[in-house]
Amino acid sequence: MSTTRVRFRTGSATVVVGLIDSPTSRDLVSKLPLSLTFEDFAGKEKISYLPARLATDGSPGSAPTNGTLIYYKPWGNLGLFYNASGGHDDNLITLGTVESGMDQLDRLGQGTVTVEALQP
């Protein structure tokens with residue numbers, strides 16, 4: 001089985017994330033494509049609020065690491081970490097890891113971002 005990849009694209013940036021297989025990542029893929037707006041949060045991550053919450057049962061919490069796409073249960077947002085810190089958090093669900101475009105994360109805050117699944 002191949003890894004599902006998701007592309008975050010804006011006029012000046014493209015970031016590709018390889019997803020792990022979990023109930024939460026599968027639910028995200030089922031809602032794609034999406035148009036989202038990202039903003040910087042605490043100098044640690046780019047975040048965007050989803051129009052609907054994702055399923056989280058059966059998806060474990062994790063510790064933040066650079067280059068991870070996460071879903072934060074209490075706020076219902078996606079996050080892409082670039083300056084991660086902190087320990088394990090049961091509310092922080094890792095969805096995948098940036099495969100390309102890590103150097104373009106700062107540009108995701110410049111307009112609408114199209115999030116879409118890539119064909120394997």
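We use all heavy atoms of the structure for the numbers below, so side chains are in, but hydrogens, waters and symmetry mates are not.
Note that OG of S85 and CG of N83 are 6.5 Å apart. Values are rounded to the nearest 0.5 Å. In this structure, OG in S48 is found 4.0 Å from CG in L36, a value given to the nearest 0.5 Å. In this structure, OG1 on T56 lies 11.0 Å from CG on D90, to the nearest 0.5 angstrom. Between atom CG of residue D21 and atom OG of residue S59 there is a gap of 9.5 Å, rounded to the nearest 0.5 Å. For the atom pair CZ (F41) and CD1 (I47), the distance works out to 5.5 Å, reported to the nearest 0.5 Å. One finds the CG atom of L95 at 11.5 Å from the CZ atom of R26 (value rounded to the nearest 0.5 Å).
Here the options are I70, V98, T65, T94, the test is side-chain contact (heavy atoms from CB on, under 4.5 Å), and the partner is F81; only I70 passes. Shown are D40, D106, N66; of these, the side chain to side chain donor-acceptor pair (under 3.5 Å) with Y82 is made only by D40.
Contact check on R5 versus E99 returns a salt bridge, with a Lys/Arg side-chain nitrogen under 4.0 Å from an Asp/Glu carboxylate oxygen.
Contact check for E39 versus K46: no side-chain heavy atoms found under the 4.5 Å cut-off. Inter-residue side-chain proximity for K31 and L50 is flagged as unmet; no heavy-atom pair is nearer than 4.5 Å.
No donor-acceptor distance shorter than 3.5 angstrom exists from the side chain of Y71 to the backbone of L92, with no hydrogens or angles considered. With hydrogens and angles ignored, the 3.5 Å screen pairs no side-chain donor or acceptor of T10 with any backbone N or O of A13. The backbone N or O of V17 sits nowhere less than 3.5 Å from a side-chain atom of R7 that would complete a donor-acceptor pair. Panel note: side chain R107, backbone S12; a donor-acceptor pair is recorded below 3.5 Å.
Two different hydrophobic clusters hold I20 and L28 under the rule that ILVMFWY side chains link at heavy-atom gaps under 4.5 Å. Hydrophobic clustering, with ILVMFWY side chains joined whenever heavy atoms are under 4.5 angstrom apart, groups L105 together with L34.
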Legend entry - Test side chain to side chain contact (heavy atoms under 4.5 Å, CB included) applied to V6 and V16, step by step: CA-CA 6 Å; V6 175; V16 176; over 6 Å; no
Inset, instruction - Would you check, one step at a time, whether the test side chain to side chain contact (heavy atoms under 4.5 Å, CB included) holds for M102 with V15? - result: CA-CA 7 Å; M102 185 71 185; V15 177; over 6 Å; no
Inset, instruction - Carefully, step by step, assess V113 and T37 under the rule side chain to side chain contact (heavy atoms under 4.5 Å, CB included). - result: CA-CA 6 Å; V113 177; T37 302; over 6 Å; no
Legend entry - L69 vs L19, side chain to side chain contact (heavy atoms under 4.5 Å, CB included): CA-CA, chis, key distance, verdict: CA-CA 8 Å; L69 172 67; L19 299 181; 4.0 Å; yes
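Annotation for R53 and P74: closest pair NH2-O, 3.1 Å, computed over non-hydrogen atoms. Residue S35 comes nearest to T112 through the heavy atom pair CB-CG2, 3.8 Å, listed as atom of the first residue, atom of the second, then distance. G86 approaches A63 most closely through the heavy-atom pair O-CB, 4.5 Å.
Side-chain polar atoms of D27 and S30 form a donor-acceptor pair below 3.5 angstrom.
F8 and F38 have perpendicular rings, their planes meeting at more than 60° on a 0 to 90° scale where under 30° would count as parallel.
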